[in-house]
> 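Would you mind keeping the following structure in view while I ask a few things?
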Amino acid sequence: MNHWLMKSEPDAFSIDDLKRKKREPWDGVRNYQARNFMRDGMRVGDQVFFYHSNCAEPGIVGIARIATDAYPDPTQFDPKNGHFDAASSRDNPRWVLVDVAFVRKLKRTITLKEMQALPALSGMALVRKGNRLSVMPVDAEDWRTILALE
DNA sequence: GCCAACGTTGGC
DNA sequence: GCCAACGTTGGC
């Protein structure tokens, strides 16, 4: 079982949105590294930290679960969609997504600030300066360390 | 294949 | 809203 972290801007899609909808296609990822993690790394049942970015208190707010294998992201084919990619085709889709299912909210937000302050997490991609990846793996040990903060 | 210009991400 | 970091694009 692998562990992951996925970022979302709460103004666009928050942990409460996922709780309400129970399950959601994680569309709009347009970064090759993030895509490759979804396509090649994720397996159904993997656990995910749901992270709120670009907001007043960035941090991990909940846990989700990978509900499907990767499949083509339909938004890349829709010219009216903000994530449309004219260079992609249905025969050879460039972008994929996975469905993500709600598991639970954390009792509190584990903030980016406190994770940055923990020496045990200094190796985590999330806390490295300039990190912009929206989908990333989380070590089993880091996963436990973070959950213990809750 | 280099690299400048440009666009985006995301913390602050 | 600012800006640092970083990915992508495209001219050469």
Side-chain angles (χ1 to χ4, degrees), chain A residues 2-21 24-42 46-66 70-139 141-150:
Chain A
N2 291 316
H3 297 94
W4 307 94
L5 182 142
M6 298 172 90
K7 296 179 182 175
S8 184
E9 302 190 13
D11 286 350
F13 190 78
S14 72
I15 187 70
D16 289 321
D17 293 326
L18 184 63
K19 182 178 184 181
R20 185 165 41 80
K21 301 186 78 170
E24 182 78 358
W26 201 269
D27 61 22
V29 172
R30 295 294 182 268
N31 171 281
Y32 289 106
Q33 212 181 338
R35 179 203 67 183
N36 294 346
F37 284 134
M38 292 198 291
R39 189 185 61 190
D40 308 327
M42 288 183 175
D46 283 356
Q47 300 265 107
V48 180
F49 280 141
F50 194 112
Y51 179 93
H52 279 175
S53 66
N54 228 335
C55 56
E57 195 178 47
I60 296 167
V61 293
I63 295 176
R65 175 173 42 81
I66 303 302
Y71 62 95
D73 179 345
T75 64
Q76 72 195 301
F77 306 126
D78 178 3
K80 294 189 293 297
N81 190 285
H83 298 294
F84 176 65
D85 183 351
S88 185
S89 70
R90 288 181 189 275
D91 290 343
N92 188 20
R94 179 177 292 184
W95 306 110
V96 299
L97 55 71
V98 295
D99 285 9
V100 167
F102 179 79
V103 174
R104 69 179 178 90
K105 285 179 73 169
L106 297 189
K107 292 177 221 136
R108 66 179 188 88
T109 301
I110 309 296
T111 65
L112 176 63
K113 187 179 283 187
E114 66 183 297
M115 289 188 282
Q116 285 169 333
L118 258 196
L121 296 177
S122 59
M124 242 193 130
L126 179 72
V127 304
R128 281 205 290 271
K129 192 178 170 116
N131 163 61
R132 289 168 38 187
L133 204 54
S134 65
V135 176
M136 68 181 80
V138 176
D139 288 350
E141 193 178 340
D142 292 342
W143 179 273
R144 283 193 303 272
T145 301
I146 290 166
L147 272 189
L149 296 171
E150 187 188 7

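Numbered from 1 within each chain, the chains take letters A, B, ... in sequence-line order. This structure is a prediction, so every number in the text was calculated from the model and none was measured.
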> Under the rule for side-chain hydrogen bond (donor to acceptor under 3.5 Å, both in side chains), what residues qualify as partners of A:Glu24, not counting sequence neighbours?
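Once residues adjacent in sequence are excluded, the partners of A:Glu24 under the side-chain hydrogen bond (donor to acceptor under 3.5 Å, both in side chains) criterion are A:Lys21.
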> Hey, which sits more toward the 5' end of DNA chain C by its nearest nucleotide, A:Lys129 or A:Arg94?
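By nearest-heavy-atom nucleotide position, the 5'-most residue is A:Lys129.
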> Taking the six-membered ring for Trp, are A:Trp143 and A:Phe49 parallel (under 30°), tilted (30 to 60°) or perpendicular (over 60°)?
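The rings of A:Trp143 and A:Phe49 lie parallel, inter-plane angle below 30°.
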> What's the CG-P distance between A:Asp85 and B:dT8, to the nearest Å?
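Rounded to the whole Å, the gap is 13 Å.
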> Answer yes or no: is there an ion pair linking A:Asp73 with A:Arg35, defined by an N-O contact shorter than 4.0 Å?
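A:Arg35 and A:Asp73: not salt-bridged.
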> Search all heavy atoms of A:Ala34 against all heavy atoms of A:Ser134 and return the closest pair with its distance.
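Smallest interatomic distance, heavy atoms only, reads CB-OG, 4.2 Å.
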> Just how far, in rounded Å, is C1' of B:dT9 from NE2 of A:His83?
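The answer, rounded to whole Å, is 13 Å.
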> Quick test: give all pairs of protein nitrogen or oxygen and nucleotides 10-12 of chain B nitrogen or oxygen below 3.5 Å, distance rounded to 0.1 Å.
residue, atom, partner, partner atom, Å
B:dG10, OP1, A:Lys7, NZ, 3.2
B:dG10, OP1, A:Arg132, O, 2.9
B:dG10, N7, A:Asn54, ND2, 3.4
B:dG11, OP1, A:Tyr51, OH, 2.6
B:dG11, OP2, A:Asn54, N, 2.8

> Any Lys/Arg nitrogen of A:Arg20 or A:Asp17 sitting under 4.0 Å from an Asp/Glu carboxylate oxygen of the other?
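Salt bridge present between A:Arg20 and A:Asp17.
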